Every structure is written in C-alpha cells, then in structure tokens.
Amino acid sequence: MTTTFLIGYMGCGKTTLGRAVAEHTGVRFIDLDDYIEERQGCSVKEIFASRGEDAFRAIEREALIEVSCSSDTFVACGGGTPCFGDNMDVMNSRGITVYLTAPHHRLLARLKEGREKRPLIASLSDDELDAFIARQMEWRHPHYSRAKLTFDSSRLENTEQVSESVDRFLKLISSYES
C-alpha cells in the first residue's frame, strides 16, 4: 500500500477517519499538524502567533515532504496544506490523495465545537464562522478537487457511522488500487 493523503476543509474528518482506518488496517497514521508540533516543540497555534502563516506553511511543506517518503501510511493533512505551493503536486506524485467532503452545515457544526484549537477561526462568532467557511471553501475547492479520489465524510458523528465510513473508504481505496 502506498501513502494515502487525506485532504479537505477543517472539520471534514481527516483525523477521525484516518485514525479509524489506520486502526482497522494496522497501517501507520500521521496527523500532519501533530507531526509538525512534535518536530517544532510547540503548537500550530503558537507557530501562527509567533512566526506567522508564511513561516508555518514553509514548516508544513518540509514536514509534508518528510512524511510523503513513507509507505503504508495514512496522512491527515491540515485544511490548508493542499492550497499552498506545490503541495498537491507532491502528494499526487507520491501517493493517493483523497478529498474528504462534508456539507457546509456539517462543517459549521463540527467547527463550532472545536474552534478554540484552530488558530484561523478561534475568535470568530458563529455568523462570522459561517461566512468564513463559505469564503474559504470557494477559494480552496480548486485545490481540493485535484485529489485523485473524493469521499463523503459527512457520517462520522458516532462509532457506528465511523465504522461504516471506514468500510466505505477501504472499498474506495481498494477499487482505485486495483
């Protein structure tokens, strides 16, 4: 099995699905933000605050290159990872890219819950968050749509849905690889 890169907007379920698939298959799982935090010795939020987004994106690209050399690995990328530099080219040339999609209302509900951990949205009101998601998705969709596969990740709200999604995801991957 090759490296599989999970891409998509914040809250689409990259980490949730990636961890569950890796656990089910025994394949290695890397959350790119966690990988960066471990290497940098500080949080993504702290990197954004102290060094800015441009510095973070350079660190992120370096980390992406490192993890893309792995095989038998699922990588949950940050929501912005595919949208900067040649990151999509790197991922598409070194593995399978899967764009996880969820409807706007599902993303909004998920992001309202965990926004304090996300530097780009931590200070936004619900209405601002709603508009922010719409603007960001319009800008990011052309990048995300370059993925080799697309997967509906709207059903990850409980253990049963996650299990069903893992089965659907593995069928999608195996049909692509064969």
Side-chain angles (χ1 to χ4, degrees), residues 1-36 44 60-61 63-114 117-118 120-121 133-134 136-178:
M1 178 186 271
T2 185
T3 301
T4 302
F5 299 94
L6 305 177
I7 67 168
Y9 197 66
M10 291 183 281
C12 72
K14 299 177 297 284
T15 299
T16 300
L17 183 64
R19 276 199 180 113
V21 170
E23 188 175 298
H24 183 81
T25 60
V27 172
R28 182 177 179 209
F29 172 74
I30 297 173
D31 180 292
L32 193 60
D33 284 347
D34 291 347
Y35 184 87
I36 290 166
V44 169
E60 180 182 57
R61 185 179 188 289
L64 180 66
I65 297 292
E66 288 173 17
V67 302
S68 71
C69 295
S70 306
S71 58
D72 295 338
T73 305
F74 286 98
V75 179
C77 298
T81 305
C83 308
F84 293 89
D86 63 348
N87 290 346
M88 276 305 294
D89 294 329
V90 168
M91 291 184 283
N92 276 327
S93 69
R94 296 184 180 198
I96 300 169
T97 47
V98 184
Y99 172 25
L100 303 189
T101 63
H104 181 94
H105 73 275
R106 178 74 66 210
L107 295 174
L108 180 60
R110 290 175 181 170
L111 291 173
K112 279 180 182 180
E113 285 181 30
K117 295 182 289 185
R118 301 174 185 273
L120 292 177
I121 63 169
I133 293 168
Q136 288 269 296
M137 283 301 295
E138 186 176 333
W139 179 77
R140 289 180 176 191
H141 181 73
H143 301 282
Y144 295 158
S145 66
R146 292 183 57 209
K148 294 176 181 177
L149 299 170
T150 301
F151 181 80
D152 177 0
S153 61
S154 58
R155 294 184 43 82
L156 295 172
E157 307 314 306
N158 57 49
T159 306
E160 184 180 322
Q161 287 183 10
V162 170
S163 180
E164 290 169 1
S165 292
V166 166
D167 291 342
R168 284 189 304 109
F169 183 84
L170 290 172
K171 285 177 186 161
L172 175 69
I173 294 295
S174 68
S175 70
Y176 178 80
E177 290 180 327
S178 55

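Position 1 is the first residue of the sequence; numbering continues from there. Small disclaimer: the values here were computed from a predicted structure and weren't measured.
Residue Met88 is tested with Asn92, Asp86, Val90 for a side chain to side chain contact (heavy atoms under 4.5 Å, CB included); the sole match is Asn92.
Atom CD of Glu164 sits about 8.0 Å away from atom CG of Asp167, to the nearest 0.5 Å. In this structure, NZ in Lys148 is found 4.0 Å from OH in Tyr176, a value given to the nearest 0.5 Å. Remark: Lys14 NZ to Asp31 CG distance equals 8.5 Å, nearest 0.5 Å. Atom CD1 of residue Ile133 and atom CD of residue Glu138 lie 14.0 Å apart, to the nearest 0.5 angstrom. Atom OG of Ser165 sits about 11.5 Å away from atom CG of Leu172, to the nearest 0.5 Å. The line from CZ of Phe151 to CD1 of Ile173 is 9.0 Å long, rounded to the nearest 0.5 Å.
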- Would you sort out whether Trp139 and Tyr9 count as a ring-ring contact (aromatic ring centres under 6.0 Å, His included), showing the intermediate values? CA-CA 11 Å; Trp139 179 77; Tyr9 197 66; over 10 Å; no
- Evaluate the side chain to side chain contact (heavy atoms under 4.5 Å, CB included) criterion for residues Val75 and Tyr35: first the C-alpha distance (whole Å), next the side-chain angles of each, then the deciding distance (0.1 Å), finally the verdict. CA-CA 10 Å; Val75 179; Tyr35 184 87; over 6 Å; no
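Put simply, the side chain of Ser163 never gets that close to the backbone of Glu160: no donor and acceptor are under 3.5 Å apart. Between the side chain of Arg140 and the backbone N or O of Gly79, at least one donor-acceptor pair lies under 3.5 Å. Side chain of Arg61 to main chain of Asn87: no donor-acceptor pair is present (N/O by atom type, distance under 3.5 Å, no hydrogens or angles). Judged by distance alone, with hydrogens and angles left aside, the side-chain atoms of Thr81 form a donor-acceptor pair with the main-chain N or O of Gly78 at under 3.5 Å. Within the 3.5 Å criterion, the main-chain N or O of Ser68 finds no donor-acceptor partner in the side chain of Ser70. Checked by atom type and distance alone, the side chain of Thr4 never pairs as donor or acceptor with a backbone atom of Phe74 at under 3.5 Å. In terms of modelled atom types and a separation under 3.5 Å, the side chain of Ser153 and the main chain of Thr101 share a donor-acceptor contact.
At a threshold of 4.5 Å between non-hydrogen side-chain atoms, the residues Arg28 and Asp72 do not count as touching. With a 4.5 Å cut-off on side-chain heavy atoms, Met10 and Arg110 do not count as touching. Val166 has its side chain out of reach of Thr25: every pair of non-hydrogen atoms, C-beta onward, lies at least 4.5 Å apart. Side-chain contact between Ile96 and Glu177 is present, with at least one heavy-atom pair separated by less than 4.5 Å. No side-chain heavy atom of Val21 sits under 4.5 Å from any side-chain heavy atom of Val27. Side-chain contact between Arg94 and Cys69 is present, with heavy atoms from C-beta onward closer than 4.5 Å. For the pair Thr3/Met91, no side-chain contact is recorded, criterion being any heavy-atom separation below 4.5 Å from C-beta on.
Ring geometry, Tyr99 versus Tyr144: the interplanar angle falls from 30° to 60°, so the pair is classed tilted.
The environment of Glu23 atom CD is sparse: at most 12 non-hydrogen atoms of other residues, nucleotides or ligands sit within 6.0 angstrom.
Considering all non-hydrogen atoms of both residues, Val162 and Ala20 come closest at CG1-CB, 3.5 Å. Closest approach of Gly18 to Leu6, counting heavy atoms only: CA-CD1, 3.5 Å. Minimum heavy-atom separation, Glu157 to Ser154: OE2-O, 3.6 Å. Here the shortest heavy-atom pairing between Gly95 and Thr2 reads CA-OG1, 3.7 Å. Considering every non-hydrogen atom in both Thr97 and Ala147, the closest pair reads OG1-CA, 3.2 Å. The two residues Cys77 and Leu64 come nearest to each other via the heavy atoms SG-CD1, 4.4 Å.
Between Arg146 and Asp89, at least one side-chain N (NZ, or NE/NH1/NH2) sits under 4.0 Å from a carboxylate O, which counts as a salt bridge.
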